Amino acid sequence: MSFDQYHEPASELSEETRTFARMIVSLTEEAEAINWYEQRISVEKDKQAKAIMQNAQQEEFKHFGMDLEFLLRRKPVWRTTLQAILFKEGDIVELGTKGEEAAEEA
Ligand SMILES: [Fe+2]
């Protein structure tokens, strides 16, 4: 079992911070799984195998979303930043700047 998610001694971290760290690792693992399925789907020739992988990737979207929502509930300033960026039309970099400004004002 790896404990690489900790950059500080685990014994000095609160239970809340350790849970946060585990969920960050989980989020990155879900993103990796989405990426791996994306690549497999792109090269798979068998229609049924491809459909199964697409179904599995959809599950990873859900897992990623649940992990992210958990983290955002515990880090409101992160939510504030993302509220300016996600599900918006327009230039992503400009939205990022707005998100940063909103977080600074919060
Ligand atoms: Fe998953």
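These numbers come from a predicted model, not from an experiment. Start at 1 and go down the list; that is how both ligands and their atoms are numbered. What's counted below: heavy atoms across the whole structure, side chains too, no hydrogens, waters or symmetry copies.
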All side-chain contact (heavy atoms from CB on, under 4.5 Å) counterparts of I52, not counting sequence neighbours: Q48
Should R22 and E15 count as an ion pair when the cut-off is N to O under 4.0 Å? yes
What residues, two or more places apart in sequence or in another chain, satisfy side-chain contact (heavy atoms from CB on, under 4.5 Å) together with T97? E101
Heteroatom count (protein N, O or S) under 2.8 Å of the Fe ion (ligand 1): 3
Within the distance-only criterion (no hydrogens, no angle test), does the side chain of E44 pair as donor or acceptor with the backbone N or O of K50 below 3.5 angstrom? no
Could you tell me whether K98 and E94 make a salt bridge, using a distance below 4.0 angstrom between a side-chain N and a carboxylate O? no
Residue list, side-chain hydrogen bond (donor to acceptor under 3.5 Å, both in side chains) with S11, at least two apart or on another chain: none
